[in-house]
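These notes concern the structure reproduced below.
Remember, it's a predicted structure, so these values are computed and weren't measured experimentally. Just so you know, these numbers use all the heavy atoms, side chains as well, and skip hydrogens, waters and symmetry mates. Letters A, B, ... mirror the listed sequences (proteins, then strands); counts begin at 1.
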Amino acid sequence: MPALQPARGTQDILPEAMRRHRAVIDTARIVAARYGYEEMATPIFEFTEVFARPIGEATDIVAKEMYTFADRGGEEITLRPEYTAGIVRAVISNGLTQNLPIKFFACGPMFRYERPQKGRFRQFHQIDVELIGAGTPEADVEMIALGADTLAELGVLGHCELQLNTLGDADSRQAYRAALVDYFSAHRHGLSEDSLRRLERNPLRILDSKDAGDVAVNAAAPSFDSYLTEAARDFFATVCRGLTALGVTYRLNPRLVRGLDYYCHTAFEFVTEQLGAQGTVLGGGRYDGLMKLMGGPDVPGIGWAAGVERLALLIAAPPVPPRPIAMIALGDAGEGKAMTVAHELRRAGFTVDQAYSGNLSRRMKRANKIAARAAVILGDDELARGSAAVRDLDTGEQIEVPLAQLKDRLAPFR
RNA sequence: GCGGGUGUAGCUCAGUUGGUUAGAGCGCCAGAUUGUGAUUCUGGAUGUCGUCGGUUCGAAUCCGAUCACUCGCCCCA
């Protein structure tokens with residue numbers, strides 16, 4: 001309603017923030033490429049059922065956080081709240097399952113109607129990687145190692161702890177879920193209101209509740225361990241061994257669960273304490289049943305997503321952009337000449353800024369403000385001699401150079 | 001969706017128990033320097049005191065609502 005401010009939970013990304021944003025995404029893309037992940041993108045909006053079914057009708061994301069609307073043709077459309085479902089849909093749509101495994105890197109904006117908070121927005125950006133068509137634990141190890149490498153390359157791995165858990169296979173989870181429902185139902189008097197609701201929808205979620213009463217009840221809750229099938233236990237053990245072999249340290253967290261229904265087996269999160277309540281910086285897991293659930297072949301998958309804004313808050317200042325050369329024109333003749341000279345310099349690869357207004361003093365001030373490395377001054381005097389004044393803005397040294405030699409003489413300032 | 005805190009210039013903030021012309025620093029603009037930037041000096045501009053309503057002779061100050069931000073809950077990257 002108030003006109004001149006961005007919609008709640010959205011934000012303008014101004015140049016300084018954008019450099020951080022870019023640093024995060026570019027670094028992640030490079031690391032993913034080392035692992036053989038290729039960049040791709042899916043639409044920002046999809047038919048609602050692409051997200052509703054796989055994520056889970058009962059999850060908060062689907063039940064109350066999706067930006068869903070009917071378009072002008074009456075189609076039910078949703079702005080993507082996460083990337084995995086869209087990518088899996090794309091794999092099915094394009095028949096990409098002929099040549100497995102496939103490895104994708106993607107990034108872009110996501111949308112969830114949530115209450116904004118530090119590190120939590122209604123429009124936010126994620127980096128996402130998916131490994132589709134590899135069902136062995138080695139794939140899990142690769143995926144987690146890729147996450148750790150990405151954080152390491154960003155210089156934030158030291159501030160993060162990798163938490164690891166298994167959600168087992170379908171049989172394990174069904175048995176465990178039943179056991180949890182029994183246990184929590186018997187202790188429902190000790191549970192918080194939120195958890196009573198979870199008991200209906202997603203009992204596993206009670207395990208990571210922060211409520212003091214819930215924590216007490218959780219202490220004696222049955223552990224997943226005794227409900228894991230032999231196969232699921234072996235799978236997880238292999239993942240853990242693989243991580244250790246690669247020197248990726250982790251902490252087992254039996255309370256770590258996933259909010260989206262399609263996850264199974266390995267679940268992991270890199271968590272930091274430096275961001276307050278929104279501490280998860282990168283999280284993911286295995287989703288073997290997802291593609292089949294969405295109407296495709298029964299192909300396993302695993303992936304993770306990382307929050308760009310959260311990482312951007314953690315990284316050190318990104319490298320500053322290249323310093324420009326300030327083209328300073330004086331008088332009509334100089335203005336005209338400066339245009340063509342600047343054009344030539346840019347085509348030769350120089351970064352050149354022009355201000356187009358103000359006297360010499362004014363333009364020098366601007367040159368200084370934008371951290372220009374050098375100023376090229378074109379006034380009537382210089383033009384008469386077919387030359388330009390070149391001033392080194394760091395040393396204050398100024399020389400006059402013939403226009404024909406300008407590119408060469410500016411070389412030290414690129 | 002629920003609870004706590006905050007909201008004064010572009011930015012960071014001050015504004016005493018309600019008292020009439022609302023301040024500082026930084027930044028911005030201009031001049032000293034009519035063809036030379038960073039320092040310095042001098043001068044200048046800028047606010048619907050988040051918004052709406054109420055109490056009062058009088059509100060930036062008190063009350064209510066609302067919006068936004070923020071910290072938790074929830075959710076999650």
Side-chain angles (χ1 to χ4, degrees), chain A residues 1-11 14 24 28 55 59-66 81-84 107 109-122 124-129 147 160 192-195 197-198 201-202 205 208-212 214 256-260 268-272 275-285 303-314 326 328-331 334 355 358-382 389-398:
Chain A
M1 119 216 170
L4 291 178
Q5 60 187 16
R8 187 169 202 199
T10 66
Q11 53 190 342
L14 300 179
V24 169
I55 293 174
T59 62
D60 277 13
I61 292 181
V62 172
K64 44 191 198 193
E65 293 179 0
M66 292 204 312
E82 58 105 34
Y83 225 138
T84 304
C107 61
M110 306 293 153
F111 304 86
R112 290 183 201 171
Y113 189 84
E114 294 188 279
R115 179 122 179 204
Q117 221 176 96
K118 180 174 185 173
R120 188 171 84 180
F121 311 98
R122 289 183 174 181
F124 61 102
H125 298 78
Q126 283 189 336
I127 293 157
D128 186 275
V129 296
C160 297
S192 65
E193 231 174 277
D194 282 327
S195 284
R197 223 172 312 119
R198 294 183 184 110
R201 294 220 302 250
N202 189 354
R205 268 283 166 199
D208 70 347
S209 170
K210 294 172 189 165
D211 179 86
D214 292 345
L256 177 68
V257 295
R258 302 277 69 184
L260 284 53
F268 57 94
E269 279 183 19
F270 287 86
V271 181
T272 179
L275 293 179
Q278 314 301 323
T280 299
V281 121
L282 184 157
W304 53 252
V308 176
E309 284 83 357
R310 291 180 187 180
L311 287 170
L313 286 171
L314 290 178
I328 297 181
L330 300 169
N359 58 23
L360 179 56
S361 171
R362 182 95 189 80
R363 295 188 192 205
M364 287 296 286
K365 277 182 182 155
R366 175 184 165 86
N368 192 55
K369 204 171 307 175
I370 62 174
R373 181 70 185 78
V376 173
I377 302 165
L378 276 172
D380 294 339
D381 298 353
E382 289 80 6
V390 173
R391 186 179 181 85
D392 182 326
L393 291 173
D394 288 345
T395 65
E397 220 173 296
Q398 185 165 324

So which protein nitrogen or oxygen atoms get under 3.5 Å of nucleotides 26-31 of chain B's nitrogens or oxygens?
residue: B/C28; atom: OP1; partner: A/Lys369; partner atom: NZ; Å: 3.4
residue: B/C29; atom: OP1; partner: A/Arg362; partner atom: NH2; Å: 2.9

Sugar-phosphate, base or nothing in reach of [X], heavy atoms under 4.0 Å:
{"X": "A/Glu269", "answer": "nothing"}
{"X": "A/Gly9", "answer": "sugar-phosphate"}
{"X": "A/Gln278", "answer": "base"}
{"X": "A/Ala367", "answer": "nothing"}

Subject >> A/Tyr113 vs A/Asp211, nearer the 5' end of RNA chain B by closest nucleotide >> reply: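 Counting from the 5' end, the first nearest nucleotide belongs to A/Tyr113.
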
**OP:** Please tell me which of A/Gly396 and A/Lys210 maps to the more 5' nucleotide of RNA chain B, matching each residue to the nucleotide holding its nearest heavy atom.
**Re:**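 The 5'-side residue here is A/Gly396.
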
Identify all pairs in which a protein N or O lies below 3.5 Å from an N or O of nucleotides 41-47 of chain B, and state each distance.
none

Counting side-chain heavy atoms from C-beta on, which of [options] comes nearest to [X]?
{"X": "A/Leu360", "options": "B/U36, B/C75, B/C2", "value": "B/U36"}
{"X": "A/Gln126", "options": "B/A77, B/C75, B/C71", "value": "B/A77"}
{"X": "A/Asn368", "options": "B/C74, B/C76, B/G37", "value": "B/G37"}
{"X": "A/Arg8", "options": "B/C69, B/C76, B/G35", "value": "B/C69"}

Subject >> Range-with-range stems for RNA chain B, at least three Watson-Crick or G-U pairs under 3.5 Å >> reply: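 Consecutive-pair runs (3 or more) involving RNA chain B: B:1-7 with B:67-73, B:10-13 with B:23-26, B:28-32 with B:40-44, B:50-54 with B:62-66.
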
Subject >> Between B/G53 and B/G19 - P atom distance, rounded Å >> reply: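 Comparing P positions in B/G19 and B/G53 gives a spacing of 23 Å.
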
Original post:
If the P atom of B/A65 is compared with that of B/C71, how far apart are they to the nearest Å?
Top reply: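 To the nearest whole Å, 24 Å.
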
**OP:** Could you tell me whether the phosphate oxygens of B/C76, OP1 or OP2, come under 4.0 Å of any side-chain nitrogen or oxygen in A/Arg310?
**Re:**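 Indeed not, no polar side-chain atom of A/Arg310 lies that close.
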
